[in-house]
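Atoms considered below: every heavy atom in the structure, side chains included; atoms not considered: hydrogens, waters and symmetry mates. Just so it is clear: chains get the letters A, B, ... in the order the sequence lines come, proteins before strands, and each one is counted from 1.
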Number of protein chains: 2
Amino acid sequence: MSLRERKKEQTREALSWAALHLAVERGIENVRVEDIAAAAGVSARTFNNYFTSKFEAIYWRALARSEAAAVAVRERPAGEPLWDAVIAAVVEQYTAEGESRAPEGWQAGVRAMMQAPEMTGEYLKLSRRTEREMAVAVADRTGTDLDKDLYPHLVAAAVAAAVYVATDRWMQSEPPVPPMASLIEDGLRQIAAGLPAPR
Amino acid sequence: MSLRERKKEQTREALSWAALHLAVERGIENVRVEDIAAAAGVSARTFNNYFTSKFEAIYWRALARSEAAAVAVRERPAGEPLWDAVIAAVVEQYTAEGESRAPEGWQAGVRAMMQAPEMTGEYLKLSRRTEREMAVAVADRTGTDLDKDLYPHLVAAAVAAAVYVATDRWMQSEPPVPPMASLIEDGLRQIAAGLPAPR
DNA sequence: ACGTAAAATTACGGACCACGCAAATTTAGC
DNA sequence: GCTAAATTTGCGTGGTCCGTAATTTTACGT
């Protein structure tokens with residue numbers, strides 16, 4: 001990777017972290033694009049070269065994780081049943097992370113920030129774009145057709161929904177907070193079982 | 001209903017129709033809030049008293065339909081299995097409508113408009129708010145707990161996902177266009193079956 | 001080390017949005 | 001007809017996002 005490409009990645013990371021930190025610190029309503037740009041050491045115009053909104057900057061890491069999940073589905077063993085592959089691939093993204101290394105209070109801060117009304121729906125809006133990656137991976141594994149079949153899109157949308165609901169639950173949990181990976185796995189398994197009404 | 005309440009509803013309807021019409025006519029990127037307000041015969045400030053964005057105005061009818069679906073779930077026979085109730089309630093909203101009475105070219109225009117990149121994710125963002133209604137209805141019917149159980153939220157999110165995917169497919173269909181209700185029912189049935197990989 | 005080209009950053013201006021506030025208007029109720 | 005409540009509207013403001021062009025940085029060849 002060239003110096004220029006490395007610097008671009010570094011800028012993107014810096015902007016994303018600055019967005020997240022400032023939002024947790026001050027609340028999303030007190031964070032302006034200009035603040036994020038200043039914290040990252042670039043101009044506001046540069047911020048908009050990288051992200052179309054502060055929400056996109058905040059969620060960039062989560063969105064990258066969704067992309068990585070789709071890639072991981074493709075890389076699962078070829079004969080593996082679809083849902084086993086999907087669940088393993090998705091859960092993997094939420095397990096190999098240094099959650100326990102986050103500063104004290106960080107997770108509580110993130111949870112509080114994500115509850116702000118301004119955040120409602122923003123993740124879903126942005127995740128629409130990464131859903132297609134998952135649909136492509138599912139279509140490849142199941143031999144279904146993206147243009148003719150609902151199936152791959154349904155799986156992708158249902159997976160995104162399960163991840164969303166589980167992370168929303170995680171955000172609203174009181175201590176002791178269950179691991180996000182467990183919640184996500186639970187959600188995906190319920191989907192794969194056809195969401196039977198509990199007894 | 002008082003005159004005042006009737007006038008408020010009429011204003012909301014007028015604004016929503018104006019938004020949808022102008023977006024179909026000119027493309028969303030050529031429609032300003034001021035244009036919508038003028039077409040509805042009110043000020044731009046009044047527009048923002050009713051809607052927080054032009055997307056909310058455009059999708060208002062669809063969002064109202066989601067709300068109506070949640071209400072309809074509550075009204076299904078008490079002993080009816082959950083998914084039968086949900087599918088019937090949701091599909092009902094997309095059947096009792098005068099699709100065939102729309103002007104020639106209208107459906108094609110709506111489809112084209114919804115494909116615009118600016119629209120991506122906007123419906124999902126807004127639908128987040130109505131999902132809770134469906135979750136409440138599901139919790140009531142299944143005796144699950146909104147604060148403790150993932151289940152009602154998973155069902156609500158999965159239903160919203162199925163509706164979204166089906167309407168997206170409908171929008172992208174070449175003539176002869178299948179009825180939206182059929183696509184939605186198909187999607188919901190696949191979800192209720194656990195999205196098994198097709199053979 | 002230097003010169004040129006390509007890419008990225010930045011400054012600037014402009015269009016647009018969304019909201020708070022208060023004045024004006026309309027509706028409700030007696 | 002009068003008063004109160006609700007709604008509409010005008011105005012101002014803060015903020016966002018983009019297009020454009022100038023400036024700076026990096027890449028590459030010599």
Side-chain angles (χ1 to χ4, degrees), chain A residues 1-20 22-23 25-60 113 116-123 125-126 129, chain B residues 1-20 22-23 25-60 63 116-122 125-126 128-129:
Chain A
M1 189 187 273
S2 68
L3 172 61
R4 180 164 275 166
E5 284 171 337
R6 279 208 301 282
K7 290 195 75 173
K8 276 182 75 172
E9 272 315 298
Q10 281 161 2
T11 301
R12 189 181 290 280
E13 287 273 344
L15 285 167
S16 181
W17 273 118
L20 192 53
L22 287 171
E25 214 172 87
R26 307 180 186 172
I28 186 68
E29 71 279 7
N30 298 310
V31 177
R32 296 173 305 144
V33 165
E34 197 179 315
D35 301 328
I36 298 168
V42 299
S43 77
R45 192 67 191 84
T46 294
F47 174 89
N48 279 119
N49 286 335
Y50 286 84
F51 300 109
T52 58
S53 70
K54 61 191 178 187
F55 301 107
E56 191 180 357
I58 289 168
Y59 284 121
W60 180 66
M113 188 269 288
E118 295 89 338
M119 301 302 293
T120 303
E122 292 296 340
Y123 174 76
K125 171 179 171 176
L126 294 160
R129 300 183 211 164
Chain B
M1 189 186 273
S2 67
L3 173 58
R4 180 164 277 166
E5 284 169 338
R6 278 207 302 283
K7 289 195 74 173
K8 277 182 74 173
E9 272 316 299
Q10 281 162 2
T11 300
R12 188 180 291 279
E13 286 274 344
L15 284 166
S16 181
W17 274 117
L20 191 53
L22 287 171
E25 213 173 88
R26 305 180 187 173
I28 186 66
E29 70 281 6
N30 299 308
V31 176
R32 298 171 305 144
V33 164
E34 197 178 317
D35 301 329
I36 298 169
V42 298
S43 77
R45 192 64 192 88
T46 295
F47 173 90
N48 279 119
N49 287 334
Y50 286 84
F51 300 109
T52 57
S53 70
K54 60 190 178 188
F55 300 107
E56 192 180 357
I58 290 170
Y59 284 120
W60 180 66
L63 294 167
E118 295 90 338
M119 301 302 291
T120 303
E122 291 296 339
K125 170 179 171 175
L126 293 161
R128 200 53 203 102
R129 301 182 210 166

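For D:dT7, its base never sits under 3.5 Å from the side chain of B:Arg4 at any donor and acceptor pair.
With hydrogens and angles ignored, the 3.5 Å screen pairs no side-chain donor or acceptor of B:Asn48 with any backbone N or O of B:Arg45. Between the side chain of B:Thr11 and the backbone N or O of B:Lys7, at least one donor-acceptor pair lies under 3.5 Å. In this structure, the side chain of B:Ser16 does not engage the main chain of B:Ile58 through any donor-acceptor pair within 3.5 Å.
Atom CD in B:Glu9 sits roughly 17 Å away from atom P in D:dA6 (whole-Å rounding). Between the P atom of D:dG10 and the CG atom of B:Asn49 lies a distance of 12 Å, rounded to the nearest Å. The CZ atom of A:Arg12 sits 15 Å away from the C1' atom of C:dT9 (whole-angstrom rounding). The CD1 atom of A:Ile36 sits 13 Å away from the C1' atom of D:dC17 (whole-angstrom rounding). Computed from coordinates, the A:Asp35 CG to D:dT16 C1' distance equals 13 Å when rounded to whole Å. Between the CD atom of B:Glu5 and the C1' atom of D:dA5 there is a distance of 13 Å, given to the nearest Å. Taking atom CD on A:Glu56 and atom C1' on D:dT16, their separation rounds to 14 Å, with Å as the unit. Whole-Å rounding puts the B:Gln10 CD to D:dT7 P distance at 14 Å.
Of the candidates D:dT9, C:dT27, C:dT9, the closest approach to any side-chain atom of B:Leu3 belongs to C:dT27. Minimum atom distance to the side chain of B:Lys7 is reached by C:dT27, of the listed D:dT7, C:dT27, C:dT10.
Taking side-chain N and O atoms only, A:Ser43 has a distance below 4.0 Å to OP1 or OP2 of C:dT10. Of the side-chain N and O atoms in A:Lys8, one or more sit less than 4.0 angstrom from OP1 or OP2 of C:dA8. For C:dT9, one of the phosphate oxygens OP1 or OP2 lies less than 4.0 angstrom from a side-chain nitrogen or oxygen of A:Tyr50.
Annotation: side chain of B:Arg6 is not in contact with side chain of B:Glu9 (no heavy-atom distance under 4.5 Å). Using a 4.5 Å cut-off on side-chain heavy atoms (C-beta onward), A:Phe47 and A:Glu34 make no contact.
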**Message:** One character per nucleotide, please: for nucleotides 16-21 of chain C, 5' to 3', B when the base has a protein heavy atom closer than 4.0 Å, S when only the sugar-phosphate does, - otherwise.
**Reply:** SSBBBB
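A pairwise comparison of heavy atoms in B:Val42 and B:Leu15 identifies CG2-CD2, 3.8 Å as the closest pair.
Ion pairing between A:Glu56 and A:Arg129 holds under the 4.0 Å rule for side-chain N and carboxylate O.
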